[in-house]
Amino acid sequence: MHLRTGLLRLLLVCLFLFGFLVGLEMMGLSFKLFGKGLAERLMSSTANPFVGLFIGVLATSLVQSSSTTTSMTVGLVAGGALTIEGAIPIVMGANIGTSVTNTLVSLAHITRREEFRRAFAGATLHDFFNWLTVLVLLPVEIATGYLSRTAGWLTARLEGVGGIDLFNPVKAVVAPVAAWASAGLGGSPWGTLLVGVGLTFVAIKFLVDLLKAIFSSRAEQVLHRTLFRSTLAAIAAGAAITVMVQSSSITTSAVIPLVGAGVVTLEQLFPFTVGANLGTTVTALLAALVSGSPAAVAVAISHLLFNLNGTALVYCLPPVRRIPLALARWLGDVGFRNRPAALGYVLAAFYGLPLALLLITGALDREPPSPPAAAAPADPSPAAENP
């Protein structure tokens, strides 16, 4: 009986996890339908590093994928519309924008106040880690060009090195189902978004209930003895899972229900999140090496350097590490007391504030630079030589 119950629970976890992943994919697909063209136009519209940072945040929040934002940035650099120096703030913003997914996932706990306090704190821990890293490294980059210079030097050393073209098993299974569902809705971005959000929230609700039942037994001890047994184990697990599924959003979002259920603490989540951040840059670097484009490699290396330096400066220094933990707990308490304020934070931090800044600076009104027109060929006919 216990074996049958355990197998049934495992099957249901897989089913709801699949529904959760399809919902996330549909949300990302809907935002691509809404905003990919806007994101491409935005990224080529300014060379101001602060505006570039918020362009990265908004573009990634729209398309729900830092990989998509980074890929578009690489294309603009390769085409001459952006310099490496101009691309780095956008990549930093993409690192912040990618955490919108797990913050949205945490809102599925909003009807259960104590769960929501923990889940929202866990989701925003990723936000505060990335914001603090940007606060330290963006001024350094502006003043010294540290990331761009180092990325350029390493790119020259890696010239001619090939990479590994990774197969994404999650994308291969989930993407066709999400695309099929979107097509069934007539390709409507609004319909795709609403169904994706609904599916994600329903799947999260049942996942939390199942995980509570499962981890109330020895399974919780097994989890703590494996993935979260130490800081290095959690970092390695976060990086390895992200490389396998090729999405830090999926990796971190999948753990938020465990945080909401009280199975994983913020202190255990933090190194796992750091590992996921590192894992997504490794995936991008391997893909860039496969492409053979120096621009792609330089942008990927700058992304990797950003996260490595952030890990060293923010996570590895205990006094600094306590700052994002304290801010995340504070925001979790705010959400516990005032749930509309939590929703307001998500809308303001990822959409309202970047959009307002871009409107103020006029970045939304600018057209992307056009490629230089080719010179007209000379007319070799004799008539052209005579006045």
Side-chain angles (χ1 to χ4, degrees), residues 1-30 64 101-120 122-123 168-182 184-185 192-228 234 237-238 240-242 244-265 268-269 272-273 276:
M1 179 65 72
H2 289 298
L3 178 61
R4 184 181 301 174
T5 302
L7 289 174
L8 178 61
R9 284 177 176 172
L10 182 60
L11 180 63
L12 288 173
V13 165
C14 292
L15 177 65
F16 289 120
L17 183 59
F18 180 73
F20 164 68
L21 294 174
V22 171
L24 284 183
E25 183 70 21
M26 289 184 71
M27 288 166 62
L29 182 59
S30 71
Q64 292 279 294
T101 306
N102 55 355
T103 310
L104 289 172
V105 166
S106 72
L107 296 178
H109 299 263
I110 203 165
T111 57
R112 304 174 183 180
R113 296 174 72 92
E114 193 58 45
E115 277 184 21
F116 182 58
R117 183 211 297 260
R118 293 191 293 261
F120 195 57
N168 188 337
V170 174
K171 197 83 171 175
V173 175
V174 171
V177 177
W180 171 79
S182 178
L185 296 166
T192 303
L193 174 62
L194 291 174
V195 172
V197 169
L199 186 58
T200 300
F201 277 36
V202 169
I204 284 292
K205 179 186 182 302
F206 286 106
L207 264 178
V208 169
D209 292 339
L210 281 168
L211 290 172
K212 277 183 177 178
I214 291 171
F215 287 106
S216 60
S217 59
R218 295 179 185 176
E220 183 175 349
Q221 298 176 8
V222 171
L223 187 67
H224 289 167
R225 289 174 184 171
T226 53
L227 296 185
F228 299 103
I241 294 171
T242 301
M244 285 190 291
V245 302
Q246 296 186 43
S247 172
S248 61
S249 298
I250 291 177
T251 304
T252 53
S253 297
V255 184
I256 294 303
L258 296 177
V259 179
V263 174
V264 175
T265 65
Q268 291 172 317
L269 175 67
F272 186 82
T273 298

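Bear in mind the structure is a predicted one, so any value in this text is a computation, not a measurement. Throughout, residue positions are numbered sequentially from 1 according to the sequence presented.
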For [X] against [Y], the heavy-atom pair lying closest together:
X      : Y      : result
Ala119 : Ser106 : O-CB, 3.6 Å
Ala123 : Asn102 : CB-O, 3.4 Å
Ser182 : Thr192 : OG-OG1, 2.9 Å

Mind checking whether [X] and [Y] have side chains closer than 4.5 Å, heavy atoms only?
X      : Y      : result
Glu114 : Arg117 : yes
Phe116 : Leu107 : yes
Phe18  : Val177 : yes
Met26  : Leu185 : yes

Under 3.5 Å, is there a donor-acceptor pair between the Thr251 and Thr242 side chains?
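Judged by distance alone, the side chains do pair up.
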
Can you tell me how far the OG1 atom of Thr252 sits from the CG atom of Leu269, to the nearest 0.5 Å?
8.0 Å

